[in-house]
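As structure tokens, the structure follows; a few thoughts come after it.
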Amino acid sequence: MAATNTRSRFFMSSLLAIAAAILAIGAADDGEIWTFDRLDRLGGHATTVRGHPRVVETPVGTAIEFDGVGDALLVDAHPLAGAETFTWEAIFRPDGGAAAQRWFHLQESGSDNRMLFEIRVVEDQWYLDSFVHSGESDKALMNRERLHPAGVWYHVAAVYDGREFRNYVDGVQEGAADIRFAPQRPGRSSIGVRITLVDYFKGAIHRARFTRRALRPSEFLRLR
């Protein structure tokens with residue numbers, strides 16, 4: 001009897017371990033990761049390189065550095081096309097520069113619908129601007145009181161749960177607004193500049209992740 005109970009417990013433990021592994025795989029599969037460790041591809045997509053962005057080694061790992069003047073990467077893909085809910089994350093280092101910088105832009109083809117990560121620079125500090133536009137709905141989340149030092153690595157996130165749009169810096173929520181907008185159709189992306197090639201970014205980007213559900217801060221990418 002004791003041997004039977006031991007085998008039963010072992011069997012149940014094995015089933016639980018397998019179930020946990022399956023859930024972990026499922027959680028990983030709903031996110032697309034772009035690692036900034038080469039210039040010719042991002043997330044499996046070919047890039048068009050403008051200017052002279054550089055691959056550099058940093059304390060958080062390999063990254064691509066942009067000069068704030070003419071450096072950019074263009075990708076013929078919109079990684080959140082069709083998403084009804086989403087979490088868009090990035091690990092980046094803003095290095096000051098121009099007052100307004102559009103450093104990550106997702107654009108639906110054939111319309112003005114778009115999503116952006118932007119920063120506003122105030123002397124040697126910055127604050128986050130997360131923007132979405134879809135049809136008649138648009139919202140910019142900016143908290144001018146949340147200034148952060150330039151030249152430091154940060155994790156930022158924009159989250160939409162189907163009702164509320166939120167943004168975060170290092171896991172701390174900085175803004176929120178109720179908004180309704182439709183999933184965007186396929187399109188393209190620009191990194192280091194707005195899609196119209198204005199408002200260049202000075203700094204570096206290490207990684208981005210696009211997840212088709214609203215993540216909790218405890219599920220965000222780790223900065224280190």
Side-chain angles (χ1 to χ4, degrees), residues 31 33-34 36 58-61 63-68 72 79-80 83 85-107 114-134 137-181 189-195 198-211 213-224:
I33 292 179
W34 290 9
F36 289 73
T58 79
V60 301
I64 295 179
E65 193 171 71
F66 302 84
D67 67 359
L80 288 174
T85 61
F86 65 82
T87 301
W88 178 13
E89 304 171 78
I91 295 173
F92 84 129
R93 188 196 70 213
D95 289 340
Q101 301 178 35
R102 277 73 175 178
W103 59 278
F104 214 144
H105 186 148
L106 313 182
Q107 178 72 45
R114 60 196 184 276
M115 308 178 187
L116 289 102
F117 272 141
E118 311 180 21
I119 58 170
R120 298 291 186 269
V121 176
V122 181
E123 296 180 352
D124 59 352
Q125 297 180 298
W126 65 278
Y127 59 91
L128 182 64
D129 178 355
S130 306
F131 179 80
V132 293
H133 174 86
S134 183
S137 300
D138 64 64
K139 185 62 183 181
L141 297 179
M142 291 187 289
N143 188 333
R144 295 173 175 83
E145 304 302 314
R146 295 288 185 89
L147 291 170
H148 307 279
V152 179
W153 285 96
Y154 297 90
H155 173 278
V156 295
V159 178
Y160 180 62
D161 62 10
R163 181 185 61 84
E164 186 178 62
F165 179 49
R166 303 183 292 276
N167 69 353
Y168 299 80
V169 176
D170 287 345
V172 178
Q173 184 175 316
E174 297 206 337
D178 288 340
I179 185 172
R180 303 289 187 274
F181 60 90
S189 306
S190 61
I191 304 96
V193 70
R194 189 181 174 121
I195 207 85
V198 296
D199 301 326
Y200 283 86
F201 169 62
K202 183 178 181 181
I205 305 174
H206 167 59
R207 182 170 295 170
R209 183 170 68 170
F210 312 91
T211 306
R213 60 188 176 93
L215 298 180
R216 300 182 300 274
S218 62
E219 299 176 286
F220 289 166
L221 289 171
R222 293 185 180 275
L223 180 57
R224 291 179 180 85

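These values consider heavy atoms only, across backbone and side chains, with no hydrogens, waters or symmetry-generated copies. All residue numbers refer to positions in the sequence shown, counting from 1.
- One finds the CG atom of Leu116 at 7.5 Å from the OG atom of Ser190 (value rounded to the nearest 0.5 Å).
- Between Trp88 and Phe104, the distance separating the two ring centers is shorter than 6.0 angstrom.
- For the atom pair Glu145 CD and Glu174 CD, the distance stands at 11.0 Å (nearest 0.5 Å).
- Of the candidates Glu118, Met115, Arg114, Arg114 is the only one forming a side chain to side chain contact (heavy atoms under 4.5 Å, CB included) with His105.
- Between the side chain of Thr87 and the backbone N or O of Arg213 there is at least one donor-acceptor pair closer than 3.5 Å.
- In terms of the salt bridge (charged side-chain N to carboxylate O under 4.0 Å, His left out) criterion, residue partners of Arg166 (sequence neighbours excluded) are, by chain and number, Asp161, Glu164.
- With respect to His155, the side chain to side chain contact (heavy atoms under 4.5 Å, CB included) criterion is satisfied by exactly one of Val169, Leu221, Val60: Leu221.
- Between Tyr160 and Phe86, the ring planes lie tilted relative to each other; the angle falls in the 30° to 60° range.
- Atom CZ of Phe220 is separated from atom CG of Leu215 by 6.5 Å, given to the nearest 0.5 angstrom.
- A distance of 10.5 Å separates CZ of Arg207 from CZ of Phe36, quoted to the nearest 0.5 Å.
- Between Asn143 and Tyr127 the shortest heavy-atom distance is O-CB, 3.7 Å.
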Let's go through Phe117 and Phe92 carefully: what are the C-alpha distance in whole Å and the side-chain angles of both, what is the deciding distance for ring-ring contact (aromatic ring centres under 6.0 Å, His included) to 0.1 Å, and is it a yes or a no? CA-CA 11 Å; Phe117 272 141; Phe92 84 129; 7.7 Å; no

Output, in order, the C-alpha distance, side-chain angles, deciding distance and verdict of side chain to side chain contact (heavy atoms under 4.5 Å, CB included) for Gln101 and Trp126. CA-CA 10 Å; Gln101 301 178 35; Trp126 65 278; over 6 Å; no

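- Between the side chain of Thr58 and the main chain of Ala63, no donor-acceptor pair closer than 3.5 Å is present.
- For the pair Phe131 and Asp138, the minimum side-chain heavy-atom distance is below 4.5 Å.
- The two residues Pro149 and Tyr154 have their closest heavy-atom pair at O-OH, 2.6 Å.
- Remark: side-chain polar atoms of Asn167 are paired, donor with acceptor, to backbone N or O of Gly175 under 3.5 angstrom.
- Salt bridge Glu65/Arg93: present, at least one basic N to carboxylate O contact under 4.0 Å.
- Side-chain atoms of Ser137 come within 3.5 Å of backbone N or O of Arg180 as a donor-acceptor pair.
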